[in-house]
Amino acid sequence: MTTACESFFTLPELIALVTPHLSRQDIIHLIRTNRRLHDICTPLLWHSVHLLEEDSFDNTNTAQARLLASPEGLRAFYNNINNIRAVYWKADFSWSYLHAVLAYLNTSSSRSSGGQDSLEDMEQDIISTYALTHSGSGGMETPDPLAVILLPPLRRLTSYKAFTGIDSYGSTNDDLPSEYRHGPHQHQTFWLLRLNSSTLVHLDLWTLDLNSSAVVRDLCRTISELQHLRTLRLNGLAPNEIPFRALKVIFFSCPSSLEELYIRPIVGDREETLRLDPLEGGWDYGQGPVVLRKEPLHWLKTLEIPSSYTGYQAPLLCSILEHCPALELFQVPSLRSLMATEKVAETIGKYCPHITSLVMPRPFWDNKGVTIMATMEAIPSQQLTSFELFAYLDYFPDRLVAAWTRHSETLQTIKLTSCRTLASAALRTALVNCRSLEVLELTEFYSSKCCLTLEDAVMDKWACTRIRTLNIPVKLTTNGKSPLYLTNPSKGRWKKEDHAHWNMLGRFYAQIGSLTQLRVLDLRSAASIHAPSEVDPDHMREIAFEETCLPGMLILEDLTKERLGYLSKLAGLTQLQELRGSIVWEFMPEDGRMSEREVDWLVDHLPVLSVAHFLPKGYEYPEEGAEEDEVPEVLQVLQSRRPGLVMAPPPYDNSYI
């Protein structure tokens with residue numbers, strides 16, 4: 001490295017910039033060939049130990065299986081114990097590691113040894129192994145030091161993520177030791193966390209048995225000691241519900257440093273009593289009862305608490321919200337009554353003045369949206385930036401429109417998932433009034449009862465010129481097909497209403513083309529047909545959006561060849577990266593399919609387009625050299641002009657449910 005480079009970069013900064021672009025083998029080769037790189041990069045390599053791989057049917061070939069079977073790997077783990085700051089592992093590796101730690105702590109020679117293998121920051125204090133060996137907390141037996149490799153305890157962790165009792169598939173693994181299949185292993189996990197109470201910043205625990213009083217007590221004592229904890233994620237054993245009281249004591253045990261809290265299991269009424277005072281003779285009897293925090297969480301900005309089938313009562317939720325003066329993102333749970341909704345909204349208005357994001361993933365009985373709308377109304381006007389709601393039924397369209405309008409200057413994200421009904425006027429309000437809007441998404445469960453009508457789409461000029469993602473169903477024709485009048489491109493036999501409809505389509509596509517910041521465009525033509533049955537003579541069957549089309553959107557007008565289209569209206573979408581929706585080639589009308597002229601236009605005017613789903617979901621490209629190629633010739637030309645263009649969605653793409 002030249003002197004000029006050294007004056008601009010320090011070597012660690014340069015390595016940090018380069019290593020994300022190198023394979024692990026490349027990094028190891030660099031380290032081995034340069035001592036200075038070795039000194040700098042070794043701590044970086046061992047900073048995080050990732051043993052949570054993707055689901056694998058071959059459990060013998062996972063990262064943790066390979067590490068456990070490698071004496072050299074475990075020795076390297078031992079030698080670099082002081083460099084490890086983050087671990088991500090499953091319960092079986094944690095169990096093996098804790099046995100190795102127990103053997104280490106019970107070997108006098110390892111405690112007194114010095115040099116690189118010892119813990120530099122391990123004062124001469126004695127680490128108690130009581131929580132590891134007591135029968136009430138798992139009863140780990142001290143292993144023979146000669147039978148296992150000795151590993152010192154991790155003492156410098158800043159991030160910890162682990163499954164604590166059940167494997168990652170959510171089912172008990174009969175091959176694992178019975179001690180932690182049934183929960184006590186979680187106490188040993190808490191023991192390890194306490195050793196890192198002064199350094200731990202991020203904690204993510206899965207498969208916790210939050211119905212166990214002993215586990216809840218130990219968890220609460222542990223997190224209350226984590227002085228610098230900023231992020232806490234707790235996931236219980238699905239599908240078990242946890243008691244409301246467990247949620248309360250966990251929340252009021254969180255340290256004052258906490259900034260983000262996520263608790264994922266379902267919460268509900270349970271007959272079992274959560275015992276906060278340990279039983280006499282229990283392993284934690286000498287630690288006394290759980291002491292709850294009294295001061296607010298002044299730094300807490302994100303709160304995602306469990307959903308509830310029965311709904312929360314106001315006193316519990318209000319007591320939690322009163323301790324969140326800095327809250328910005330709130331996952332709204334369903335409430336038990338309208339009276340509870342009013343009380344919670346009042347509490348939010350009084351104690352949580354900084355909320356900018358609302359999420360309601362599981363409304364259960366509250367799918368009419370009363371709670372979240374009352375919350376929006378309690379937040380100071382022109383403050384909300386993000387709104388996400390699941391399974392909404394639009395019983396009060398005027399109230400929703402008013403709530404969105406109240407935050408029209410600040411709303412940046414609106415996401416509705418599995419929306420059952422929604423007035424077209426609500427979508428028009430978002431497009432016309434929300435000037436800061438960047439994301440508007442309606443995903444899963446598409447319906448003609450939840451879409452933007454063509455009339456509403458062109459009624460007013462859209463103001464959402466900053467929008468980057470637009471994913472909405474639109475009702476352009478009654479049956480979702482190309483209108484019959486387009487079979488007469490000369491317009492000689494068009495009726496007055498045909499001219500009006502075609503002009504509205506042009507104004508609609510012009511509205512789309514005015515969104516010059518658009519990156520993702522997903523327009524899905526919503527339609528239904530009458531399909532009477534004996535049970536329901538008025539039944540309307542929804543047509544899958546893949547089987548409908550967007551009339552004229554992908555065709556360039558050419559009167560000499562009697563072709564009508566509005567593709568030129570999209571010339572402003574120079575930043576468009578993804579084009580999805582009702583554009584499947586198979587269901588386009590013959591006179592509405594692209595030619596090579598349109599291909600030239602797409603290549604020239606949409607320079608960064610990388611996804612265009614002209615082929616059906618899960619389409620399998622023919623093998624090279626096959627006699628028949630089912631990809632239409634025009635699309636083959638497009639593919640040759642844009643080799644990296646993805647033209648078929650993956651078979652399990654959730655956005656296409």
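Count residues from 1 along the sequence. In this text, all values refer to a predicted model and were calculated from it rather than measured experimentally.
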Q) Is the Phe163 ring parallel, tilted or perpendicular to the Trp206 ring (thresholds 30°, 60°)? A) tilted
**Q.** Heavy-atom pair of closest approach, residues Ser308 and Gly311
**A.** OG-N, 3.0 Å
(Q) Between the side chains of Glu304 and Arg233, is the shortest nitrogen-to-carboxylate-oxygen separation below 4.0 Å, so that they form an ion pair? (A) no
Q: Could you grab the distance from atom CD1 of Ile414 to atom CH2 of Trp404, nearest 0.5 Å is fine?
A: 4.5 Å
Q) Between Thr158 and His202, is any pair of side-chain heavy atoms under 4.5 Å apart? A) no
Q. Between Ile263 and Phe251, is any pair of side-chain heavy atoms under 4.5 Å apart?
A. no
Q) Any idea which heavy atoms bring Ser448 and Ser528 closest together, and the distance? A) OG-OG, 3.4 Å
(Q) Would you say that Arg230 contacts Glu260 through its side chain, given a criterion of any heavy-atom pair below 4.5 Å between the two side chains? (A) no
Q: For the pair Phe190 and His187, name the ring-plane relationship: parallel under 30°, tilted 30 to 60°, perpendicular over 60°.
A: perpendicular
Q) Can you check whether Leu550 reaches Ser525 side chain to side chain, under 4.5 Å on heavy atoms? A) yes
**Q.** Presence of salt bridge, Arg399 and Glu377, under 4.0 angstrom
**A.** yes
Q: Grab the two heavy atoms, one from Leu210 and one from Pro243, that are nearest each other, plus how far apart they are.
A: O-CD, 3.9 Å
Q) Do Arg264 and Asp204 meet the salt-bridge criterion of a basic N to acidic O distance under 4.0 Å? A) no
Q | Within-4.5 Å side-chain heavy-atom neighbours: Val359 and Phe390 | A | no
